[in-house]
Amino acid sequence: MRVSVFSSIAVFSIFAAGVLAFAAIAFAGVSEGKGIFDSKNCGGCHQIQGPAKEKTIEDMLTKKAPELWYAGSKFRKEFLEKWLKDPKPIRPMEFYSLTKKNGANHAKLDAKAAKDVSDYLMSLKSSDVKAANIQPKSGPQGRVVFEKKQGCYGCHEVKKGAGVVGGLTGPTLVGAGDRLNPDWIYAYLTNPKVFKPVKDMPVYTGALSDSELKNLAEFVAGLK
Amino acid sequence: MIRKTLIAVAALSAFLALSRMSDAQAAAAEANYKFYCAQCHGLEGKGDGPNATKSQPVSPRNHTNTVEMSKLSDQDIINVIKGGGAATSKSTMMPPFGKTLTDAEVAALKDYLRKLCKCKGN
């Protein structure tokens with residue numbers, strides 16, 4: 001009896017130590033990542049503190065880069081780490097420009113820094129992204145809203161056959177499924193003002209039903 | 001006499017305030033057009049914004065085309081801005097802005113389009 005109490009305490013302590021050590025490692029990534037983010041002046045272009053403050057078109061047009069204050073809710077961790085090492089244009093045009101193409105000149109990080117910074121960015125969550133259990137789907141339900149009922153590809157590139165079709169002012173949706181958290185896509189479509197009070201994409205909440213928005217989120221989450 | 005002058009001054013300043021408001025509205029309409037519409041319709045409204053790529057199924061309307069734009073009534077224009085292409089039996093590649101812009105902003109955009117096309121609706 002005594003022995004077994006003793007051994008379960010021992011097992012528990014080993015377990016607790018493991019959890020603590022694990023948490024410490026994860027936390028080290030976050031705080032080192034924040035250090036790198038600050039020292040590279042990433043915050044000179046990116047907003048990292050919520051909530052969204054922009055009220056007018058002017059406010060939006062003076063921004064230099066997309067907000068990152070909800071990055072941990074928006075992105076898939078694997079995508080972030082990979083992208084920071086080897087950033088490829090996401091928006092075909094320069095940020096909010098109608099005339100200049102994306103210069104493909106984003107700051108690049110080495111492998112260790114990319115891991116730490118992605119740990120840090122993944123710690124920036126928004127409580128407005130609820131677990132909605134959106135699962136990637138490529139069936140006709142979402143496609144019909146995306147292509148027919150609305151023309152989402154009017155401003156977004158998507159794959160069609162062997163090529164890419166669509167407009168250029170929105171972020172490309174080629175590879176959206178690898179990049180974005182499905183629950184964030186749904187939150188973005190149903191509650192856009194929390195993330196982007198002013199943006200050049202129309203608000204679809206109210207123009208489409210909740211089940212259509214859900215189908216759309218599933219469809220976008222399934223885009224390769 | 002003084003009284004009449006005062007009334008005239010008051011009326012004049014009320015008039016100036018009103019016309020200044022519509023100047024502000026026109027400026028806001030232009031800013032809205034350049035932000036929301038120009039991405040497809042072009043900064044000058046010629047239907048040549050960056051989204052008017054070759055792969056699109058229909059081209060955005062050229063808003064400076066007097067003949068085409070004359071075919072639309074003021075109400076048609078308002079309906080198509082708010083409800084998208086479906087509202088005038090056109091392509092849904094024209095998106096709905098009814099949940100993005102206020103009714104006053106849509107009405108001001110309609111006036112802005114009338115200036116671009118130099119036309120009136122039938």
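If you're wondering where the values come from, they're calculated on a predicted model, not measured in any experiment. Convention: sequence-line order gives letters A, B, ...; per-chain numbering from 1.
Here Thr100(B) contributes atom OG1 and Met201(A) contributes atom CE; the two are 9.0 Å apart, rounded to the nearest 0.5 Å. Between the CD1 atom in Ile57(A) and the NZ atom in Lys34(B) there is a gap of 11.5 Å [rounded to 0.5 Å].
When heavy atoms are compared at a cutoff of 4.5 Å, Gln39(B) approaches chain A by way of both its backbone and its side chain. For Pro57(B), the part lying near chain A is the side chain, with the backbone staying farther off; criterion is any non-hydrogen pair under 4.5 Å. Residue Lys160(A) does not touch chain B at all, counting heavy-atom pairs closer than 4.5 Å. Both the backbone and the side chain of Tyr153(A) come within contact range of chain B, with heavy atoms under 4.5 Å apart. Heavy-atom distances place the side chain of Leu43(B), and not its backbone, under 4.5 Å from chain A.
With hydrogens and angles disregarded, no donor-acceptor distance shorter than 3.5 Å links the side chain of Thr53(B) to the backbone of Gly167(A). Listed for the Asp200(A) side chain is no donor-acceptor partner under 3.5 Å among the backbone atoms of Tyr36(B).
Closest of all the heavy-atom pairs between Asn51(B) and Cys155(A) is ND2-SG, 3.4 Å. Here the closest heavy-atom approach between residue Thr205(A) and residue Lys99(B) is recorded as O-CG, 3.5 Å. Of all non-hydrogen atoms in Ser55(B) and Gly166(A), the two that sit nearest each other are OG-N, 3.0 Å.
Within 6.0 Å of atom CD in Gln47(A), more than 12 heavy atoms from other residues, nucleotides or ligands are found, so the atom counts as buried in its surroundings. Residue Glu44(B) qualifies as open at atom CD: its count of foreign heavy atoms under 6.0 Å is 12 or below. Atom NZ of Lys63(A) sits in a crowded spot, with more than 12 heavy atoms from other residues, nucleotides or ligands closer than 6.0 Å. The number of heavy-atom neighbours closer than 6.0 Å to NZ of Lys88(A), taken from other residues, nucleotides and ligands shown, is 12 or below. Heavy-atom contacts from other residues, nucleotides or ligands closer than 6.0 Å to CD of Glu58(A) number 12 or fewer. Taking a 6.0 Å sphere around NZ of Lys214(A), one finds it holds 12 or fewer heavy atoms contributed by other residues, nucleotides or ligands. Applying the 6.0 Å contact sphere to NZ of Lys199(A) captures more than 12 heavy atoms from other residues, nucleotides or ligands. For NZ of Lys82(A), the number of neighbouring non-hydrogen atoms (other residues, nucleotides, ligands) closer than 6.0 Å is 12 at most.
Of all residues spanning residues 80-87 of chain B, none has a heavy atom less than 4.5 Å away from chain A's heavy atoms.
Residues Pro96(B) and Gln150(A) meet the side-chain proximity criterion, which asks for heavy atoms closer than 4.5 Å. Here the side chains of Val198(A) and Phe35(B) are in contact, with some heavy-atom distance below 4.5 Å.
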